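Working notes, beginning with the structure itself.
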Amino acid sequence: MRPEEAILVLDFGSQTTQLIARRIRELKVYSEIRPCTVSLEEIRAFHPKGIILSGGPASVYDPEAPSIPAELFDLGVPVLGICYGMQLMAHLLGGRVERSFKREYGPAELRVLSVEDLFTGLDPSRSYRVWMSHGDRIEVLPPDFVSLAESENSPYAAMRHKEKPLFGVQFHPEVAHTEIGRKVLANFVFGICGCQPTWTMESFIEATVREIRKTVAPEERVVCALSGGIDSTVTALLVHRAIGDRLVPIFVNNGLLRKGEPEEVLSLMESLGLSVRYVDASQRFLKRLRGVTDPEEKRRIIGHTFIEVFEEEARRIGGVKWLAQGTLYPDVIESVSFRGPSATIKTHHNVGGLPERMQLKLIEPLRELFKDEVREIARELGLPKKVVWRQPFPGPGLAIRILGEVTEERLRILREADAIVTEEMLESGWYYRVWQSFAVLVPVKTVGVMGDYRTYEHVVAIRCVESQDAMTADWVRLPYELLARLSNRIINEVQGVNRVVYDISSKPPATIEWE
Ligand code: XMP
């Protein structure tokens, strides 16, 4: 739920727009991103304490340059334009923006001319390292604006209106390379907009619980699908806190989980006070997967079967009106939003399509949060480290790590090998330092020798990658000793495996999963 005080970030398509919102939230002030195509009425209805115009790839003179109504500057709400946002402000208010003959990209030295407002607390006798990324620059300030700072290539690296609370900076305060970034944003949010640092995860939890209590009528029930991962667990806990056992969490065992996982998830839920409906549908899933080798076909079958099982279970419960989902903010924000609110809303999660079929209304308590904020809530709610920092695990489970057909025997081999990988990664402390680490069963048999016998058995591959967001990834340079232990243990302890290989491919061009 949105708190009263909020900063609105209008997105003009910059790669770092999300970072702006995160930085503001780190200051304990709530912030939301909207596409720059949002109407003036919507902006008014949002009642922002301040507005930030993001950067963007366009030039104000491009025929299709994204813009905003100039009335925005007369709302009486403080506005801070960043990079393109500053140029647009200058352009709309009568200044002159021109192509710079030198692109300024990367670090620059900023000299501050005025240590008030945006630059309160800075030292005018020194320069500061800031990060720039622009082709155009402001040649003539709009009437009634003054320069606040300069850099070698930008005579007006920061500006403000003489009377109105309108500000612009050519550099990017949201990126870590700008050493005064946090200070500048804090000056804007607290000093200029008058916000208070009250948006904490604790207050978020309280407000969310209150909101859910108000939303769900006393006779209504809510279902949610648990995976054991952090998003669905936190979602379930918040809803449970609000309406108790009128929340019915459903945990479906699809037969594709890791060794000991169903038991672990159930005991975790029990320790959290959630009474879970456990559905063991493994045989149904495995039967449908029989003979299937195509990865996308596997995904499709698993997705459909999941919805089927979940729907049956929800109908059995009766009186279910709501589905709670752990959708996060990055799933919701429309990217490249200056082209309009079109783009990529992921209808991910295994229950895609279910709300429409069962006419369920959605509760998505995390839809305003970033992943690290969810982790903070998880800590606040007392979830163990193993859950807070659990590595991502794909919905289709081990099926997409068994190349070729999924059979009981192949599941057994992969489960055992994977359990050894996880155990050793945890033991050595590497588990929490990497994005994902797991075993893959390769559909190839190779010759080996064990004792005096020739063997002809399976190959297991180990995949271990580091990544920020799974869009790109690199293989982790695990110590040889650890790799040796993994290989020895898997070959010695997992019957049916006589060779272990380590995957040294980065993404792109490879993907993280093998299927
Ligand atoms: P790739 O293999 O595309 O994986 O580099 C990127 C991230 O997504 C996860 N992944 C999936 N998650 N359903 C999921 O819920 C899927 O079908 C799926 N495929 C890949 C993968 O584990 C990695 O974190």
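Whatever order the structure lists ligands and atoms in, that order sets their numbers, starting from 1. Predicted, not measured: the structure shown is a model, and the values here were computed from it.
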Ligand 1 to W435, heavy atom cutoff 4.0 Å, flagged ligand atoms 24 (O)

N/O of I512 under 3.5 Å from N/O of ligand 1, yes or no?
yes

Are E457 and R499 within salt-bridge range, i.e. N to O under 4.0 Å?
no

Option set R299, R463, E515, Q436, criterion heavy-atom distance to atom 24 (O) of ligand 1, minimum:
Q436

Run the numbers for me: atoms of ligand 1, each under 4.0 Å from some heavy atom of T511, listed by number.
1 (P), 2 (O), 5 (O)

Taking both backbone and side-chain atoms of P392, is any N or O found less than 3.5 Å from an N or O belonging to ligand 1?
no

Residue pair M425 / V434, side-chain heavy-atom distance below 4.5 Å
yes

To check you understand the geometry: which heavy-atom pair defines the closest contact between C224 and L247, and what is its length?
SG-CD1, 4.2 Å

Under the 3.5 angstrom rule, does the side chain of Q391 hit a backbone N or O of S437 as a donor-acceptor pair?
yes

So, are E312 and R284 salt-bridged, with charged N and O less than 4.0 Å apart?
yes

If only side-chain N and O atoms count, and only distance matters, is there a donor-acceptor pair under 3.5 Å linking T305 with R288?
yes

Under 4.0 Å from a heavy atom of A470: give me the atoms of ligand 1 that qualify, with their elements.
6 (C), 7 (C)

Enumerated ligand 1 atoms positioned under 4.0 Å from heavy atoms of K507:
1 (P), 3 (O), 5 (O), 6 (C)

